[in-house]
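Letters go in sequence order (proteins before strands), and every chain restarts at 1. What you see below is based on every heavy atom in this structure, not just the backbone, and it leaves out hydrogens, waters and symmetry mates.
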Amino acid sequence: MSKKVRVRFAPSPTGGLHLGGVRTVLYNYLFAKKHGGDFIVRIEDTDQSRYVPGAEEYIFDCLRWCGLEPDESVQHGGDFGPYRQSERKPLYRDYAEKLIAQGDAYYAFDTPAELEAMREQYKSDQNPAPQYDHTLRLRMRNSLTLSPEEVDRLLSAGTPHVIRILMPGTGMIGFTDMIRGEVSFDMSTVDDKVLLKADGMPTYHLAVVVDDHLMQISHAFRGEEWLPSAPVHVRLWEKLFGRAAMPEWAHLPLILGPNGKLSKRDGAKYGFPVFAMNWTDPKTGENVEGFRERGFLPEAFINLLALLGWNDGTEKELFSLEELVQAFSMERVHSSGAKFDYEKAKWFNHEWLLREPVQRLAFSVRSQFESLSSLSSLNSLKWEKIVALVRDRCHLLTDFVEQTRYFFEYPQEVDRAAIEPKWNAEKTSFFHELVTRYGSETEWQAAKLEELFKSLASERSIKPGELMLPLRIMLVGGKFGPGVFDIADILGKEETIQRIGLLTAQLSNN
RNA sequence: GGCCCGUUCGUCUAAGGGCUAGGACACCACCCUUUCACGGUGGUGAUACGGGUUCGAAUCCCGUACGGGCUACCA
């Protein structure tokens, strides 16, 4: 790579950051770091009507959570600012005017109502969505159809107008996509996109080209949904800065939900999150769940996203961010869309749950449910012991609640049905005696408790297997969890004895 | 409708002219485990279809079908 690698992620602050967005960030980041380049975040807020307060901060919070810090942005500074397009507004008009002077763009005075009328008039079964293009532009009100004097008059009168690109009615235009290879378009099928809006703001089309140039972007990655407008951008590069200066493009495949492109509604509908973190729309109050709050570790989230559309060619699936930077290459990114599989996502998280150092995991889980008040009084060493004991059984951070709550409170539900049918007087007697022996035990430790339990069982000629499940139900409430004696160990003498006594009394009364 | 992109197990994918098409998730069975998991072993399961090119095609070409995206003074 001859020039310095500079890539950018350019979100518009209109709402939550979804899966696909994060993956686009990730591939940008990995590519930049792999090649010793810079990762820039540019806020594309040229549509003021869609501006949502808080969305910008939210995006940066998501990136921080994922560990994908930009090198340059509104929050990080840099030599190519401002990094917010609304603050760059005065820049764009000159480029649009330059295109007009060259004959590659023109003023258009059509009002929204006139545009609507045009679409209505030319709509047909063959052409349900008429475009403002070479076939129609000469029937519209623009500097191509109006006399120069009239155009001047309208302009100096401050008449609202836009600037449109003039796409040739013939010829092909194409480029080499890093993922798809040669892609080409017949220019006659591309419409005259608006470049500069009536409010003086550029549209995405103009802004992306101007800013990528000014910010010296070397590689431009974006979602596949942008492919259809690529010919406009290539054309602008040709006419504004020369094709040689154009960044290399890569159009990333889409991440699909069960029914096509992932939308924020899919989360609620299919039971998995679509945003990185919880997002509440300040206007509607609508709340959309995030992966973070669902109990995903950022390491797992990054890992699973990376593997959705890319692999290193081996059978390795678990990668840390550092490993991804090492292994990543755009050549191995797929060209086809990938359907998101929540089950596999949970598996990734489970794997990371197991790899995480206990101390860190214990901390993450703890902050995940402050709600359990007894937790705050628990010393952290004991908590780490508990977390280490149950992590095998958890896929999400939130799973730890159900898997550990019996350590802190008497089980809410006790599965008596599991032991009641086979309960008898011998068992009642056994557990009465067990309470006595445990009560006088000074060395409260799992192995010792197991030994006492088994020797008593053999004295009474009862198979330990007959008694293990009852003990578990007494302590845990259900048929799950780590070894019973480990649980009793952690529960402590007093609590263990109390729980055994309580259920024994209940069962013997029936 | 037009334009563009895509198509290997249910899902994510490997194999970029040459082995019984490999792995992972999920599912099933067995083993381990005096619970539930973890783990281990095995199993079900795919090259969309039709034509070419070739000694040989999942792989290259064409067509069809299907899927997806775009078609705003939104990004």
Side-chain angles (χ1 to χ4, degrees), chain A residues 10-14 44-47 49-50 85 108 110-112 115-116 119 123-133 160-164 177 179-180 183-186 188-191 193-205 207-208 222-231 251 253-254 256 258-261 304 307-318 334-348 350-351 354 390-395 403 415 418 454 457 463-469 471-473 476 478-484 487:
Chain A
S12 64
T14 53
E44 308 237 346
D45 57 348
T46 54
D47 185 354
S49 66
R50 292 212 308 159
Q85 285 179 333
D110 317 274
T111 64
L115 289 173
E116 183 52 38
R119 293 194 182 100
K123 192 163 80 176
S124 67
D125 288 346
Q126 279 70 37
N127 184 10
Q131 304 203 104
Y132 201 122
D133 62 12
H161 64 277
V162 302
I163 295 177
R164 286 180 181 272
D177 187 277
I179 294 172
R180 286 150 223 283
V183 183
S184 65
F185 301 79
D186 185 337
S188 70
T189 65
V190 181
D191 63 333
K193 290 265 186 281
V194 169
L195 263 21
L196 202 73
K197 300 187 265 190
D199 64 1
M201 278 287 192
T203 59
Y204 172 83
H205 307 295
V208 72
R222 69 209 325 186
E224 189 185 348
E225 72 267 27
W226 289 106
L227 209 40
S229 56
H251 290 88
L254 265 15
L256 307 168
N259 299 317
K261 196 180 177 183
L304 71 93
L307 272 284
L308 217 49
W310 171 89
N311 69 84
D312 75 342
T314 73
E315 281 169 4
K316 184 176 163 79
E317 290 195 282
L318 267 11
H334 266 248
S335 51
S336 54
K339 204 171 288 186
F340 179 70
D341 182 357
Y342 186 54
E343 292 305 318
K344 182 117 189 195
K346 283 196 292 192
W347 173 79
F348 271 109
H350 180 243
E351 291 298 319
L354 298 180
V390 303
R391 83 209 291 198
D392 279 352
R393 281 149 259 258
C394 297
H395 281 79
Q403 288 296 333
D415 185 7
K454 287 190 169 166
K463 279 182 290 184
E466 292 285 304
L467 302 162
M468 294 283 266
L469 189 61
L471 178 60
R472 171 172 298 280
I473 299 294
V476 178
K479 291 190 273 188
F480 64 96
V484 250
I487 293 171

More 5' along RNA chain B: A/Met468 or A/Asp186, using each one's nearest nucleotide?
A/Asp186

Should B/C60 form a Watson-Crick or G-U wobble pair with both distances under 3.5 Å, which nucleotide is its partner?
B/G52

In whole angstroms, how far is the P atom of B/C4 from the NZ atom of A/Lys193?
14 Å

To the nearest Å, give me how far apart CG (A/Asp47) and P (B/C74) are.
5 Å

Using both distances under 3.5 Å as the test, list the Watson-Crick or G-U wobble partner of B/U8, or none.
none

Would you mind pulling out the nucleotide paired to B/G42, Watson-Crick or G-U wobble, both distances under 3.5 Å?
B/C28

Over how many whole Å does the gap from A/Lys344 atom NZ to B/G10 atom P extend?
15 Å

Are A/Lys339 and B/G10 close enough that a side-chain N or O sits under 4.0 Å from OP1 or OP2?
no

Starting at the 5' end of RNA chain B and moving along, which residue's nearest nucleotide shows up first, A/Gln403 or A/Arg180?
A/Arg180

Nearest to the side chain of A/Leu254, which nucleotide is it out of B/U13, B/G69, B/C73?
B/G69

Expressed as a whole number of angstroms, how long is the span from A/Glu315:CD to B/G22:P?
11 Å

Taking the same atom, C1', in B/G22 and in B/G39, what whole-Å distance lies between them?
23 Å

Side chain of A/Glu225 only, please: which of B/G1, B/G23, B/C70 is the nearest?
B/C70

In the strands shown, is B/A75 matched to any nucleotide by a Watson-Crick or G-U wobble pair with both distances under 3.5 Å, and which?
none

Taking B/U34, B/C73, B/C4 as options, the one with an atom nearest any side-chain atom of A/Phe185 is B/C4

For the student: nearest non-hydrogen atoms of A/Gly481 and A/Arg472, plus distance:
O-NH1, 3.4 Å

Tell me which nucleotide among B/C4, B/C38, B/G69 gets nearest to the side chain of A/Leu227.
B/C4

Listed nucleotide nearest any side-chain atom of A/His334, set B/C4, B/U13, B/C5:
B/U13

May I ask you to check whether A/Tyr204 and A/Asp47 show a side-chain donor-acceptor distance below 3.5 Å?
no

Between B/G63 and B/C4, how many Å separate the two P atoms, rounded to a whole number?
12 Å

Residue A/Arg393, side-chain heavy atoms: nucleotide from B/C36, B/C3, B/U13 that is nearest
B/C36

Is it true that A/Glu343 and A/Lys346 have a side-chain N and a carboxylate O under 4.0 angstrom from each other?
yes

Checking A/His251 against A/Arg222: is there a side-chain donor and acceptor pair closer than 3.5 Å?
yes

When both distances are under 3.5 Å in a Watson-Crick or G-U wobble arrangement, the nucleotide paired with B/C70 is B/G2

Considering only side-chain heavy atoms of A/Arg119, which listed nucleotide, B/G68, B/A72, B/G6, is closest?
B/A72

Between B/G42 and B/A48, how far apart are the P atoms? Round to whole Å, please.
28 Å

Test: A/Lys339 and A/Asp341 ion pair at under 4.0 Å:
no

